[in-house]
A.B. asks: 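Quick one: the structure is below, questions incoming.
Order of the sequence lines sets the chain letters (A, B, ...), proteins ahead of strands, with each chain counted from 1.
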Amino acid sequence: MAQYGRIFMVSSRSVRPNSLVLCNLSAGFCNFVDSPELPHWFKYPESQKNYVDSDDFVLLSKLEFLEDSGTSWKADNCRLDYRRASHDKDDIDVDKICRILKLNFTSVEAVVEAFDGCNVNISEDLVNKIFKRYSNDWISAFGFFMWATMQVGYKHSPDSYDMMVDILGKSKEFEVMWRLVDDMVRLGGLVSLATITKVMRRLAGAGRWGDAITTFKRIDSFGIKKDTVAMNILLDTLCKERSVKHARDAFMEVKNEVPPNASSFNTLIHGWCKAQKLEEARRTMEEMVEFGFHPCVVTYTSLIEAYCLEKNFRMVDKILVEMRAHGCHPNVVTYTIIMHSLGKAKEIQEAFMVYEKMKADGCTPDTSFYNSLIYILCKVGRLRDANDIYEEMHKNGITPDITTFNTLISAACNHSQVENALKLLFSMQEIYCKPNIKTYSPLLKLCCKMKWVKILLYLLGHMFKQDISLDLSIYGLLVRGLCRNGKIVQSCLFFEEMVLKGFTPQQHTYNILIKELQRMNMDRAKMKIQKYMLQAESMKLPSFHPVDKHCSQ
DNA sequence: TGAAGTTTAA
């Protein structure tokens, strides 16, 4: 069973001590209320009633944050226990490694040293798990990588190498990244187009478009062929990383050496369309024709998207006519774009007409189309209709995906329909659809609003088990929410954790916490929080990049 | 993510 398959245990199963159980909501288990903090449908199993009024499952018993406890406040023995260690055999080594890495090393060498004599069974799976968990912490990831490299009998797989390259690129540690790539070249057989793709993507993502282009130009030196596929990746990367102009320049420079194909042009046209430069898009289309390629659905759909962005639906219709004249038919992607932007422009009736027209055209909706439809219905408050569409998907054999669930869960939470939201979370589990941070964040928000602290911490525990890390806004929400709900200690602990993770708490969040600590006369705790805030602000120096746009899950 | 579409706030 997948790891997240254990998230919610139903009451018929055996339950570990301290586990909460979310009941089968529709089955009417709602006959007792455990605590005023809990909604009526959320209950503990009979066998767990002892735990009902204790917060043991929330925090370790020693709460050293409390005033006058006389002990030092060490992160390690006063941590949030929602991240209870896993009991799976497979995860024991992961836990062991994480325990070492928790010490927040400041150099790669220190990490390598800390692992000296560490007895774990290294496997590719283990390495990749650690990389996933530490993808925002290059020192930990690279230190562990180096240590594993030195272990006799173990060799990293090409995939692990690529992941490491990507982590270094994401952290903008380009010198270290290049040294690793050079090693890979020297060792032989490790650099692939996938490696170079990651390198170019991370360079372009950091605004080093020229370096990305140079990498492509000397791609032979890595043992990779300089062909159309590689060129298209470069063009796409430059366009997606906000520089269609660099993409055009690079194209001009290499098009005589590397023969372009229709995709090369479509990539550039899409780049211009996203940048709202329609004249340039048209010009590229002409060039495409000169090269002997016909514009296709992809080409026209890009144009349509650009006009949709301008809400110029008359031009959208004109393009539809134009494309049909060229024997080119709109497909589900084209219809999704049109319907979605009509919906966003609050033209719901028109949006529905697109749906009808699409069906009349014999074009079948897919998951993304349904997701879009569900989204625009939720946006105007038509949750019932959205749910009907969800049912329709099932009937038509179209499987919902994470976006479907996230959209519906978020809408349910916005309308305080928590039961529905949690039912959807159960359904995800049933079809092995792994939730992400966006799945949980509306639920966490609602828990804060409704003062359901226990469910809140329970959900956090499950997020942690699935390696879903919290972001700045969730940390802020938790610090404020727990503070307002009388859980000042937990609030402080989350504040500490967010600073240690490299986030700078919002001033607003900080003020709320300090005010509450003052009100409670918790002077020592207040001083600690002030110290953490200073630490966070001092880390905001230019060279420090806690999280960039690629860091989200 | 990777030639086009879907989640994102008061």
Side-chain angles (χ1 to χ4, degrees), chain A residues 193-194 196-198 200-202 204-205 228-241 244 247 251 260-274 281 284-285 288 293 295-306 308-309 319 323 328 330-344 351 354 358 363 365-379 386 389 393 398 400-414 424 435-442 445 449 471-474 476-477 506 508 549-550 552-553:
Chain A
L193 183 56
I196 300 302
T197 302
K198 291 190 157 80
M200 294 193 302
R201 196 181 99 183
R202 291 306 181 184
T228 310
V229 175
M231 179 184 71
N232 288 353
I233 290 171
L234 171 72
L235 298 180
D236 187 57
T237 299
L238 294 168
C239 288
K240 298 252 163 73
E241 301 301 344
V244 58
F251 180 67
N261 61 14
S263 298
S264 320
F265 290 100
N266 282 333
T267 304
L268 289 168
I269 291 165
H270 182 235
W272 289 120
C273 288
K274 280 277 187 193
T284 311
M285 232 166 117
M288 180 179 187
F293 299 109
C296 64
V297 224
V298 177
T299 327
Y300 289 112
T301 301
S302 293
L303 289 180
I304 286 176
E305 192 186 7
C308 280
L309 240 49
I319 304 285
M323 68 190 284
C328 194
N331 64 16
V332 64
V333 178
T334 324
Y335 284 119
T336 307
I337 291 168
I338 302 172
M339 183 192 62
H340 192 80
S341 50
L342 282 167
K344 274 199 155 166
V354 173
M358 180 179 91
C363 177
D366 63 5
T367 304
S368 292
F369 180 87
Y370 277 123
N371 288 348
S372 192
L373 186 53
I374 287 171
Y375 173 77
I376 62 177
L377 285 168
C378 289
K379 213 46 188 185
I389 296 294
M393 287 178 82
I398 308 291
D401 64 8
I402 187 154
T403 305
T404 322
F405 287 109
N406 288 1
T407 308
L408 285 167
I409 288 173
S410 157
C413 288
N414 286 335
L424 287 158
N436 62 17
I437 183 136
K438 287 172 188 152
T439 316
Y440 287 99
S441 81
K445 270 183 201 164
K449 195 177 127 196
D471 60 21
L472 175 69
S473 72
I474 296 294
L477 177 93
Q506 307 96 319
H508 173 59
K549 69 195 172 71
H550 295 295
S552 50
Q553 288 279 319

A.B. asks: Please state how far atom CD1 in A:Ile337 lies from atom P in B:dT6, giving the value in whole angstrom units.
C.D. replies: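 Computing the A:Ile337:CD1 to B:dT6:P distance gives 7 Å.
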A.B. asks: OP1, OP2 of B:dT1 versus side-chain N and O of A:Lys198: anything below 4.0 Å?
C.D. replies: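 No, outside the criterion.
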A.B. asks: Could you check whether A:Asn331 gets within reach of a base, just the sugar-phosphate, or nothing at all, counting any heavy atom under 4.0 Å?
C.D. replies: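 Base: the residue A:Asn331, judged by heavy atoms under 4.0 Å, touches a nucleobase.
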A.B. asks: In whole Å, what is the span from the CD1 atom of A:Ile437 to the C1' atom of B:dT7?
C.D. replies: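 After rounding, the gap between these two atoms is 13 Å.
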A.B. asks: I need the NE2-C1' distance between A:His508 and B:dA10, as an integer number of Å.
C.D. replies: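 Atom-to-atom, A:His508 to B:dA10, this comes out as 11 Å.
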A.B. asks: Would one find a side-chain N or O of A:Lys274 under 4.0 angstrom from OP1 or OP2 of B:dA3?
C.D. replies: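 Indeed not, no polar side-chain atom of A:Lys274 lies that close.
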A.B. asks: Parallel, tilted or perpendicular, judged at 30° and 60°: which one describes the rings of A:Phe265 and A:Phe293?
C.D. replies: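 A:Phe265 and A:Phe293: tilted rings.
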A.B. asks: Rounded to whole angstroms, how far apart are CE on A:Met393 and C1' on B:dT6?
C.D. replies: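 After rounding, the reported distance stands at 10 Å.
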A.B. asks: Please name all residues satisfying salt bridge (Lys or Arg N to Asp or Glu O under 4.0 Å) with A:Lys445, sequence neighbours left out, ordered by chain then number.
C.D. replies: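 With sequence neighbours excluded, A:Lys445 shows a salt bridge (Lys or Arg N to Asp or Glu O under 4.0 Å) to no residue whatsoever.
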A.B. asks: So, using ring-ring contact (aromatic ring centres under 6.0 Å, His included) as the criterion, who are the partners of A:His270 when residues are at least two apart?
C.D. replies: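 Checked A:His270 against ring-ring contact (aromatic ring centres under 6.0 Å, His included); zero matches.
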A.B. asks: Mind checking what makes side chain to side chain donor-acceptor pair (under 3.5 Å) contact with A:Tyr370, not counting sequence neighbours?
C.D. replies: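 A:Glu392, A:Asn396.
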A.B. asks: Which ones in residues 404-412 of chain A lie close to DNA chain B, meaning a heavy atom under 4.0 Å from one of its atoms?
C.D. replies: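 Residues of residues 404-412 of chain A that come under 4.0 Å of DNA chain B are, in numerical order, A:Asn406, A:Thr407, A:Ser410.
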A.B. asks: Would the base of B:dG5 count as contacting A:Asn371 through its side chain, where contact means a donor and an acceptor less than 3.5 Å apart?
C.D. replies: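 No, the side chain and the base share no sub-3.5 Å donor-acceptor pair.
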A.B. asks: For B:dT1 and B:dT7, measure between their C1' atoms and round to the nearest Å.
C.D. replies: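 The same atom, C1', in both gives a distance of 14 Å.
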A.B. asks: Mind checking side chain to side chain donor-acceptor pair (under 3.5 Å) for A:Asp236 and listing every partner two or more places apart, or none if nothing turns up?
C.D. replies: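 For A:Asp236 the side chain to side chain donor-acceptor pair (under 3.5 Å) partners, ignoring immediate neighbours, are A:Lys240.
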A.B. asks: What does the 5'-to-3' dot-bracket notation of DNA chain B look like when only Watson-Crick and G-U wobble pairs under 3.5 Å count, and pairs to other strands show as |?
C.D. replies: ..........
A.B. asks: Starting from P on B:dA9, measure out to CD1 on A:Ile474 and report it in whole angstrom.
C.D. replies: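 Interatomic distance, CD1 of A:Ile474 to P of B:dA9: 14 Å.
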A.B. asks: Could you list the residues that satisfy side-chain contact (heavy atoms from CB on, under 4.5 Å) with A:Thr336, not counting sequence neighbours?
C.D. replies: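 Partners of A:Thr336 by the side-chain contact (heavy atoms from CB on, under 4.5 Å) criterion, ordered by chain and then number, come out as A:Val332, A:Phe369, A:Ser372.
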A.B. asks: Just to verify, what does A:Tyr335 make a ring-ring contact (aromatic ring centres under 6.0 Å, His included) with, not counting sequence neighbours?
C.D. replies: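 So A:Tyr335 forms no ring-ring contact (aromatic ring centres under 6.0 Å, His included) with any residue.
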A.B. asks: Apply side chain to side chain donor-acceptor pair (under 3.5 Å) to A:Lys344 and list each qualifying residue two or more places apart in sequence or on a separate chain.
C.D. replies: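 Testing A:Lys344 for side chain to side chain donor-acceptor pair (under 3.5 Å), a comparison that skips the adjacent residues, returns none.
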A.B. asks: Using OP1 and OP2 only, check whether a side-chain N or O of A:His340 sits under 4.0 Å from B:dT7.
C.D. replies: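 Affirmative; the distance criterion is met.
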